[in-house]
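Nothing fancy with the numbering, it's 1 onward along the sequence. These numbers come from the heavy atoms of this one structure, side chains and all, not from hydrogens, waters or symmetry mates.
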Amino acid sequence: MNEPEGLRFRRLNRPQIITDETHEPQYKNTSTYSGKVFRVTLLTLVAFLLFPLLVVIFLLESPIQPEVFSLNEPPLMTGCYEPNLKLRQAERLFEERLIGPESLANIGDVLYTGTADGKIVKIEGRNIHVLATIGKPPCGSREYEHTCGRPLGIRVGPNGTLFVADAYLGLFEVNPVTGEVKSLLSTGKMVGGRRLGFVNDLDVTQDGKKLYFTDSSSRWQRRDFMHLIMEATADGRVLEYDIETKEVTVMMENLRFPNGIQLFPDEESVLVAETTMARIRRVHVSGLNKGGMDTFIDNLPGFPDNIRRSSSGGYWVAMSAVRPNPGFSMLDFLSQRPWLKKLIFKLFSQDTLLKFVPRYSLVVELQDGGTCVRSFHDPHGMVAAYVSEAHEYNGYLYLGSFRSPYLCKLDLSKV
C-alpha cells in the first residue's frame with residue numbers, strides 16, 4: 001500500500017466529532033410537530049368561536065328589513081352650529097326623581113311632564129306631585145311599558161287642561177288640578193286602514209277644537225325606536241283629531257319617523273320633525289294648500305326630536321344625537337348599507353346599540369324659513385344628555401329627556 005492510499009484510509013476512519021449540529025435534524029422535527037399542534041389548536045378555537053357567529057349570520061332572521069335611503073353630507077359645524085359648551089351651564093333638577101321627562105308644559109310657574117313609569121307629574125318649586133297615572137302597573141321595564149303607558153308629548157289647551165300623547169294608549173285630556181283623566185282616542189282605533197302604533201307628540205289649536213299629532217310608525221312601538229330609526233320605515237303619519245266630532249283624519253303619510261310637531265301661528269300648517277331624515281317638514285293642514293307638504297329645513301346637523309316655540313317667534317329644536325362634520329356619522333354611513341344593519345341587529349340588542357351612540361346633546365333655535373339663530377351644545381352629554389325637548393319659560397330653557405333621570409334648567413341670560 002503506497003502512502004497516498006494510506007492517507008486516504010486514515011481520513012475515512014477519522015473519529016466523528018460530535019457537535020450541536022448533530023442534533024439539528026431532531027430539533028427541526030420537534031419544532032415542526034409543535035407548530036402543527038399549535039396551528040390545529042388555533043384553527044379549532046377560531047372555528048369554535050366563528051361557528052355561532054356564522055349560525056347567526058346565515059340562519060337567524062334579522063328583526064328589521066331596512067330600506068336604502070340617502071342623506072346629504074352633514075353641514076359643517078361652523079357658524080351658527082359652531083360647537084360650544086353652553087348646555088353644560090344648565091342646572092340638573094330632581095336627579096333620580098324624574099325618569100325620562102320627555103316633554104314639558106307649564107301653567108304659570110307650575111310645570112308638568114310625563115315620565116317613563118307612566119305618570120303625569122306636577123312640579124311646584126322644589127316639590128313633585130303625581131297628578132295622574134294613565135296606564136296600569138307594574139311599570140319601569142320594557143316588558144310592561146305597553147300596558148304601563150309612556151306619556152310623551154304634553155300641551156296646555158285654551159281651557160287650561162292638559163292634552164297628553166301616550167305612545168301606547170293614545171290621546172288624553174288631564175285636569176291639572178284634580179288629575180282626572182279623560183280618554184280621547186285609543187290606539188286600538190283603525191285610521192286609514194292601520195292601527196295607531198306609536199303616538200308621539202301633539203299640538204292643540206287656539207280654540208281647542210282640534211289636535212294635531214304624530215303617529216311615528218304602525219310597525220314599531222316606542223320601546224323599539226332604534227329598530228324604527230335603523231329600518232328607516234316610511235310608515236309614519238300626521239293626523240288630525242276633531243275634539244267635537246271625534247273624527248280622525250290622516251293629513252300626511254309615508255314619513256320616516258315623524259316625531260315632534262308644532263303648529264304655525266296661522267294654524268294652517270304644522271312643523272314636523274322627520275327624525276330619520278334629519279329634517280323638518282311643513283305639512284299644510286288647512287287653507288288653500290291643505291294636503292300639501294314642503295321642507296322647512298333640510299340636512300340638520302343632528303336628528304330632531306320635539307319642536308317648541310321660542311319667545312323670539314322662532315322654534316327650539318332638540319337633538320340627542322348629531323351628525324358631526326368634520327367627523328363620522330354612523331347613521332349616515334349605514335343608510336346605504338342595509339345588509340350591515342341587518343347583521344348589527346342580529347348580533348346586538350337595542351340597549352347595547354344605544355351605548356355606541358355618542359352622547360352629544362344639541363339644541364338649536366330656528367327662525368321662519370329654517371335659518372339657524374343660535375345653538376347650545378353639550379359634547380359627550382356631561383350635563384344634559386339625551387335631550388328630547390327645549391321648553392322656554394320666563395327666561396329659562398327647560399330641557400326634557402327621553403332617558404335621563406333628571407330635568408335640566410338653563411338660564412338664557414347667561415348664554
| note | Per side-chain contact (heavy atoms from CB on, under 4.5 Å), Leu152 is matched among Tyr168, Phe198, Phe402 by Phe198
| request: Go through the steps for Tyr360 and His377 under the test ring pair (Phe, Tyr, Trp, His ring centres under 6.0 Å), then give the verdict. | output: CA-CA 8 Å; Tyr360 193 121; His377 303 239; 5.7 Å; yes
| For atom CD of Gln206, is the number of surrounding heavy atoms from other residues, nucleotides or ligands below 6.0 Å larger than 12? | no
| field | Test log, rule side chain to side chain donor-acceptor pair (under 3.5 Å), inputs Asn306 and His391 | value | CA-CA 9 Å; Asn306 285 353; His391 174 81; over 6 Å; no
| Got more than 12 heavy atoms from elsewhere within 6.0 Å of CD, Glu95? | yes
| task | Please check if the side chain of Asn325 supplies one atom and the backbone of Pro74 the other of a donor-acceptor pair under 3.5 Å. | result | yes
| field | side chain to side chain donor-acceptor pair (under 3.5 Å) evaluation trace for Glu365 with Ser312 | value | CA-CA 9 Å; Glu365 184 181 9; Ser312 65; 2.6 Å; yes
| message | Check whether Asp201 reaches the backbone of Ile261 with its side chain - one donor and one acceptor, N or O, closer than 3.5 Å. | response | yes
| message | Using modelled atom types and a 3.5 Å cut-off, is there a donor and acceptor pairing between side-chain atoms of Asn175 and backbone atoms of Thr178? | response | yes
| said: Using side chain to side chain donor-acceptor pair (under 3.5 Å), reason through Ser216 and Asn200 one step at a time and then give a plain yes or no. | reply: CA-CA 6 Å; Ser216 296; Asn200 199 321; 3.0 Å; yes
| query | Is the closest basic N to carboxylate O distance between Arg323 and Glu73 below 4.0 Å? | reply | no
| task | Salt-bridge test for Arg279 and Glu274: reply yes if a basic N is under 4.0 Å from a carboxylate O, no otherwise. | result | yes
| request: May I ask you to check whether Phe345 and His227 place their ring centers less than 6.0 Å from one another? | output: yes
| field | Residue pair Arg142, Asp224: steps toward the salt bridge (charged side-chain N to carboxylate O under 4.0 Å, His left out) verdict | value | CA-CA 9 Å; Arg142 169 190 167 84; Asp224 297 313; 2.7 Å; yes
| query | Checking Arg282 against Phe264: charged group under 6.0 Å from the ring centre and within 45 degrees of the axis? | reply | yes
| query | Heavy-atom count around Arg126 CZ within 6.0 Å, excluding the residue itself: above 12? | reply | no
| request: Give a yes or no on whether a salt bridge exists between Glu392 and Arg308, defined as a side-chain N under 4.0 angstrom from a carboxylate O. | output: no
| field | Exam field: side chain Arg359 to backbone Gly381, donor-acceptor pair closer than 3.5 Å | value | yes
| Residues Glu102, Arg150; criterion side-chain contact (heavy atoms from CB on, under 4.5 Å); working and verdict | CA-CA 9 Å; Glu102 162 94 8; Arg150 181 58 170 103; 4.1 Å; yes
| request: Without swapping roles, check the side chain of Ser375 against the backbone of Cys80 for a donor-acceptor pair under 3.5 Å. | output: yes
| said: If you count heavy atoms of other groups shown closer than 6.0 angstrom to CD of Glu180, is the number above 12? | reply: no
| query | Any donor-acceptor pair under 3.5 Å linking the side chain of Ser218 with the backbone of Gly197? | reply | no
| field | Lys409 NZ/CZ over Tyr398 ring centroid, <6.0 Å and within 45° of normal | value | no
| request: Give a yes or no on whether the backbone of Met230 and the side-chain of Lys341 come within a donor-acceptor separation of less than 3.5 Å. | output: yes
| query | Side chain of Thr295, backbone of Ile297: donor and acceptor closer than 3.5 Å? | reply | no
| message | Could you go through Glu231 and Arg256, starting from their C-alpha distance and side-chain angles, then the distance that decides it, and tell me whether this counts as side-chain contact (heavy atoms from CB on, under 4.5 Å)? | response | CA-CA 9 Å; Glu231 190 173 71; Arg256 300 183 192 272; over 6 Å; no
| Does the ring centre of Tyr406 sit less than 6.0 Å away from the ring centre of Phe94? | no
| query | Please walk me through it: do Glu389 and Leu104 pass side-chain contact (heavy atoms from CB on, under 4.5 Å)? | reply | CA-CA 8 Å; Glu389 181 178 301; Leu104 301 152; 3.9 Å; yes
| request: Establish, yes or no, whether a centroid distance under 6.0 Å links the rings of Phe328 and Phe333. | output: yes
